[in-house]
Amino acid sequence: MCGIVGAVAERDVAAILLEGLRRLEYRGYDSAGLAVLDGEGALRRHRAVGKVAALADTQATTPLGGHTGLAHTRWATHGAPTEANAHPHVARDDVAIVHNGIIENHEAIRRDLEGRGYVFSSETDTEVVVNEIHAGLEVGDDLLAATRHAIRALDGAYALGVISRREPGRLIAARQGSPLVVGVGIGEHFIASDVAALLPVTRRFIYLEEGDVADLTRESVTIYDRDGRRVERPIKTSELTAEAAERGNFRHFMAKEIHEQPRAIAETLEGRVSERRVLAEALGPEATAVLDRAQRVQIVACGTSYHAGLVARYWFEGIAGLPCDVEVASEFRYRTHVVPEGTVFLTISQSGETADTLAALREAKRMGYMATLAICNVPESSLVRESDLVLMTRAGPEIGVASTKAFTTQLTALLLTVIAAGRHQGLDAEREQALVQALRHLPRQMEEVLALESEIETLAEDFVDKRHSLFLGRGVQYPIAMEGALKLKEISYIHAEAYPAGELKHGPLALVDSEMPVVTVAPRDDLVEKLKSNLQEVRARGGRLYVFADAATAPRDDDGYRVITLPAVDEVTAPILYTLPLQLLAYHVAVLKGTDVDQPRNLAKSVTVE
Ligand code: G6P
């Protein structure tokens, strides 16, 4: 989704803004732009369709410089990704604005502004805001007052950065429903959609609250809450380093993040398990008390995080004996639902900024769930700050749009939660020890699975010229098949559909022929023999099968089957381990097809609009 960077400094800010945009590229976007107040006090801008590199080329040919500036990557919502629709938007060479979010009542405001003589040059919802601010300046407001006045009229979500020729050393920022942080430097201040953009210039951040407006100059940051009262917000030091979000020797962030999983899982477990049990510190006393009283769990999430929730349902019911429902956030938030007594509301999110998940959380708080628990990867994200209880996944920054290490660390954190919840429901010490042991083996077993990469790379060649594919799983492996299909479609653009293998004969079998690769995850479990019968149904129709299986139960690798055998793994952690070959498969298919692996077309890393 759109990315914002802004700066007010003694030094020239253009390079800082461009580097910030590069670091926000992972969020997904289709055009980019930059505006600065130059030495003569004029507002100058460059905009380009496509990558930040295109904007950087324009900047290299015709450099713009100045001490106050804004930059933006746009993920098109209102209006196509054209130069005219790219941000920053400017009103009468006077005010410039960047915006992330959606202004829902923009049409009415636009009509009103047109009535007052404003001419629009884009199809965006954003342009109404910059014109409205300009109108305020014209009647004598300063930039802060004009911005506050303008946002009072807005319905929807926004993070905004505003600068004006009239007040060259000033930058106004506002947030309502979309993320925005203030970066605190020495004699310079910044804004950005997330901390990653600013790590080369500062590690000290103020996380704006909903409704906040910030007034930045070189020397000061003044923050006002939604009622216009001056407020103090703490400055927090990020533990991230600028290098944490860099690619190192890997060709893509996705490859780096796939290979980081053994270390990431070890981090998720660090200090949270002993040889025998999940430690009390893992979730903290408050969460433990809540889980002790819990009678049910409602999970809400989007995308890959939703798949983690689907896996967790098998665990909550199978291990902890707790009824568990799982729903995608965009559906949950608009549905009337009953809240059974003693239900914990559990959200799962890598970014902690996904608009639908956040909205569902806010709705849940109104509806009186027993407690809200977030499993999240980004400290200080909105989800973390607004939930009663939090369990951090500690995956480290995930940059590739297709989620990998975030997913497997979510599963690990969920299993810790399930074990903690299960104790109260009669999970005995022996079973707990077995589960904890299985978790502790994960990093090593993951290394073994990752060692299969070259075999999987060869397999990927079979997929390059295919247009469709099926992914099959049974039981807890069905959500893993869903995740495998999602990975393939996200980055290789091959249509991939997941089915519970038992449902095959109720429809998708009609699609099976020699052009339809069918991928299956088949660890050793109670359902593997039934799954093998389902595979026979595919084979009998000439379908080509790609099976990831345990050596002990794998079908023979012959004409109809390509079998990749995985090490023997514990049944409970099998979904975590069987995810890895599917990630690698999708990755190598995408590399062979030459797609943009880390920033696939039309997708965004952090979906901050509905
Ligand atoms: C986007 C991303 C996915 C992610 C989903 C949910 O669609 O491209 O990778 O799974 O959002 O994001 P969250 O940050 O809430 O986990």
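Keep in mind that the numbers below use all heavy atoms, side chains included, and drop hydrogens, waters and symmetry copies. For ligands, and for the atoms within them, numbers begin at 1 and follow the listed sequence. The residues of the chain are indexed from 1 along the displayed sequence.
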### Message
With nothing but distance in play, are any N or O atoms of Ala604 less than 3.5 Å from an N or O of ligand 1?
### Response
yes
### Query
According to the interplanar angle, ranging from 0 to 90°, do the rings of His468 and His495 count as parallel (below 30°), tilted (30 to 60°) or perpendicular (above 60°)?
perpendicular
### Query
So, Glu398 and Lys405, do they make that salt bridge, N to O below 4.0 Å?
no
### Message
Suppose I only count heavy atoms of Ser305 and a 4.0 Å limit; which atoms of ligand 1 are within that range?
### Response
10 (O), 13 (P), 16 (O)
### Message
For atom 10 (O) of ligand 1, what's the nearest protein heavy-atom neighbour? Residue, atom name and distance, please.
### Response
Thr304 N, 3.0 Å
### Message
For atom 11 (O) of ligand 1, what's the nearest protein heavy-atom neighbour? Residue, atom name and distance, please.
### Response
Lys605 O, 3.8 Å
### Message
So that I can tick it off, tell me whether Arg296 and Glu317 are bridged by a salt bridge, with the cut-off set at under 4.0 angstrom between side-chain N and carboxylate O.
### Response
no
### Query
What distance separates Leu450 CG from His259 NE2, expressed to the nearest 0.5 Å?
5.5 Å
### Query
Salt bridge or not for Lys256 and Glu260, using N-O below 4.0 Å?
yes
### Query
Near Ser403, which atoms of ligand 1 are under 4.0 Å from a heavy atom of that residue?
9 (O)
### Query
Which of the atoms in ligand 1, numbered in the order shown and given with their element, are less than 4.0 Å from a heavy-atom of Val401?
8 (O), 9 (O)
### Task
Decide whether a cation-pi geometry holds between Arg385 and Tyr207; the criteria are a distance under 6.0 Å from NZ or CZ to the six-membered ring centre and an angle within 45° of the ring axis.
no
### Query
At a non-hydrogen distance cut-off of under 4.0 Å, which region of Val607 contacts ligand 1 (side chain, backbone, both, or neither)?
side chain
### Summary
NZ (Lys487) and OG (Ser403) are apart, to the nearest 0.5 Å, by 5.5 Å
### Task
For atom 12 (O) of ligand 1, grab the closest protein heavy atom and report residue, atom and distance to one decimal in Å.
Thr354 OG1, 3.3 Å
### Query
Counting heavy atoms only, which of Gly28, Cys376, Cys302 comes nearest to atom 6 (C) of ligand 1?
Cys302
### Summary
Honestly, for Ala406 the part within reach of ligand 1 (heavy atoms, under 4.0 Å) is neither
Donor-acceptor pairs are to be reported for all side-chain atoms of residues 174-181 against protein atoms at under 3.5 Å, with residues two or more places apart or in another chain.
| residue | atom | partner | partner atom | Å |
| --- | --- | --- | --- | --- |
| Arg175 | NE | Ser178 | O | 3.3 |
| Arg175 | NE | Glu210 | OE2 | 3.1 |
| Arg175 | NH1 | Leu208 | O | 3.2 |
| Arg175 | NH2 | Glu210 | OE2 | 2.6 |
| Arg175 | NH2 | Ser382 | OG | 3.0 |
| Gln176 | OE1 | Gly211 | N | 3.4 |
| Gln176 | OE1 | Arg226 | NH1 | 3.1 |
| Gln176 | NE2 | Glu210 | OE1 | 3.2 |
| Ser178 | OG | Asn100 | O | 3.2 |

### Task
State the atoms of ligand 1, each with its element, that fall below the 4.0 Å cut-off from a heavy-atom position in Ser349.
13 (P), 14 (O), 15 (O), 16 (O)
